[in-house]
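Working notes, structure below.
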Amino acid sequence: MSSTTSRPEAAKPPMREALVAAAFQLFLERGYEQTTVDDIVALAGVGRRSFFRYFPSKEDVVFPDHERCLADMTAFLAASEPDHEPVRRVCDAARLVMLMYAENPSFSVQRYRLTKRVPGLRAYELSVVWRYERALAAYLRDRFAGTPDGDLRADVIAAATVAAHNNALRSWLWSDGQGDAAEAVDHALGSVRTAFGAAPEPSADGRAGARADVRAGAQAGARADVRAGVATGLPLVTALPDEDDVVVVVSRRGAPLWRVVQEIETALARK
């Protein structure tokens with residue numbers, strides 16, 4: 001007797017991945033605008049309901065992994081400890097996006113090329129980027145709550161983090177995914193940490209020098225001058241006696257910079 005051995009069929013890709021693969025095949029062959037959802041489901045061998053079970057729109061099939069990545073970022077920030085340095089933390093959160101792109105470089109490059117050609121997809125991508133930025137800003141606003149200009153600092157740092165990350169990521173995509181994406185993004189985010197990270201504590205010598213300057217100013221009647229400057233709302237510049245190279249500037253936070261500079265120049269001219 002002859003016997004036959006049955007071969008197991010090749011495992012089919014999960015429905016979600018099959019829809020993405022079918023969509024990008026058609027986008028490359030026909031163009032994005034010329035491809036319909038009906039075309040995608042026909043090639044994937046499923047019905048329209050199956051498509052919309054995974055993707056609310058045709059645009060969403062181009063960015064199939066951003067919802068997961070945004071959820072991962074939000075969970076990462078929510079798990080932060082009080083002793084985590086906030087700027088470093090948002091930079092680490094931004095790296096999650098880079099890792100998502102680096103998981104599948106060829107797909108990421110294909111999507112980048114497609115997005116560049118289709119204005120509607122560029123607009124959609126901007127909305128995705130905005131959601132990442134808002135997640136970072138929400139975390140920073142909570143960490144900076146009760147501090148001067150806390151909300152402003154949070155929004156500026158979040159925007160800078162996204163801009164630095166995207167600058168490095170787009171350069172990597174433009175090079176067709178050549179090189180180390182993680183290294184490029186780390187270098188870009190290092191600029192954010194340098195610019196906005198926690199300021200170093202002043203040295204012991206610096207603190208001693210500051211205290212000496214304050215005492216000298218008090219002996220010269222600086223306290224009265226400070227009160228006068230605060231009352232008028234104008235910058236006040238006082239040269240300390242016996243210290244020709246030291247100038248004390250007292251100004252309200254909202255005083256325009258040109259006014260501060262003008263007062264310094266006037267004080268130096270008087271000397």
List the steps and the verdict of side chain to side chain contact (heavy atoms under 4.5 Å, CB included) for V20 and Y54.
CA-CA 10 Å; V20 173; Y54 293 100; over 6 Å; no

Residues T35 and R30: side-chain donor-acceptor under 3.5 angstrom:
no

With sequence neighbours excluded, what pairs up with [X] under the side-chain hydrogen bond (donor to acceptor under 3.5 Å, both in side chains) test?
{"X": "D180", "answer": "none"}
{"X": "D65", "answer": "R111"}
{"X": "R141", "answer": "D151, D155"}

More than 12 non-hydrogen atoms from neighbouring residues, nucleotides or ligands closer than 6.0 Å to [atom1] on [X], yes or no?
{"X": "R88", "atom1": "CZ", "value": "no"}
{"X": "R131", "atom1": "CZ", "value": "no"}
{"X": "R68", "atom1": "CZ", "value": "yes"}
{"X": "E183", "atom1": "CD", "value": "no"}

Answer yes if the ring centres of H66 and Y132 are under 6.0 angstrom apart, and no otherwise.
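Centroid separation for H66 and Y132: below 6.0 Å.
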
Verify the cluster assignment for Y139 and W130: are they in a single hydrophobic cluster under the rule of side-chain heavy atoms below 4.5 Å apart?
no

Do [X] and [Y] have side-chain heavy atoms sitting under 4.5 Å apart?
{"X": "V118", "Y": "F27", "result": "no"}
{"X": "T115", "Y": "Y124", "result": "no"}
{"X": "Y112", "Y": "W174", "result": "yes"}
{"X": "F107", "Y": "P64", "result": "yes"}
{"X": "Y32", "Y": "R117", "result": "no"}
{"X": "F52", "Y": "S57", "result": "no"}

Pair R122 + E59: basic N to acidic O under 4.0 Å:
no

Answer yes when K58 and D39 have at least one side-chain N-carboxylate O distance shorter than 4.0 Å, and no when they do not.
no

If I compare all heavy atoms of [X] with all of [Y], which pair ends up nearest, and what's the gap?
{"X": "L70", "Y": "A135", "value": "CD1-CB, 4.2 Å"}
{"X": "L19", "Y": "I40", "value": "O-CG2, 3.8 Å"}
{"X": "F196", "Y": "A160", "value": "CE1-CB, 3.7 Å"}

Does the ring of F144 carry R153 above it, NZ/CZ under 6.0 angstrom from centre and within 45° of its axis?
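Yes - R153 lies over the ring of F144, closer than 6.0 Å to its centre and within 45° of its axis.
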
Within 45 degrees of the axis of the six-membered ring of F76 and under 6.0 Å from its centre: does R95 put its NZ or CZ there?
no

Could you tell me whether a side-chain N or O of [X] sits under 3.5 Å from a main-chain N or O of [Y], the two making a donor and an acceptor?
{"X": "H84", "Y": "E81", "value": "yes"}
{"X": "T194", "Y": "G190", "value": "yes"}
{"X": "N166", "Y": "A163", "value": "no"}

Return the [atom1] to [atom2] distance between [X] and [Y], rounded to the nearest 0.5 Å.
{"X": "S50", "Y": "F55", "atom1": "OG", "atom2": "CZ", "value": "11.5 Å"}
{"X": "H165", "Y": "C91", "atom1": "NE2", "atom2": "SG", "value": "10.5 Å"}
{"X": "R170", "Y": "S175", "atom1": "CZ", "atom2": "OG", "value": "14.0 Å"}

Does the side-chain hydrogen bond (donor to acceptor under 3.5 Å, both in side chains) test come out yes or no for S106 and N104, once each step is laid out?
CA-CA 6 Å; S106 60; N104 192 341; 3.1 Å; yes

Stepwise salt bridge (charged side-chain N to carboxylate O under 4.0 Å, His left out) check, R113 with D176
CA-CA 9 Å; R113 293 173 178 171; D176 293 338; 2.8 Å; yes

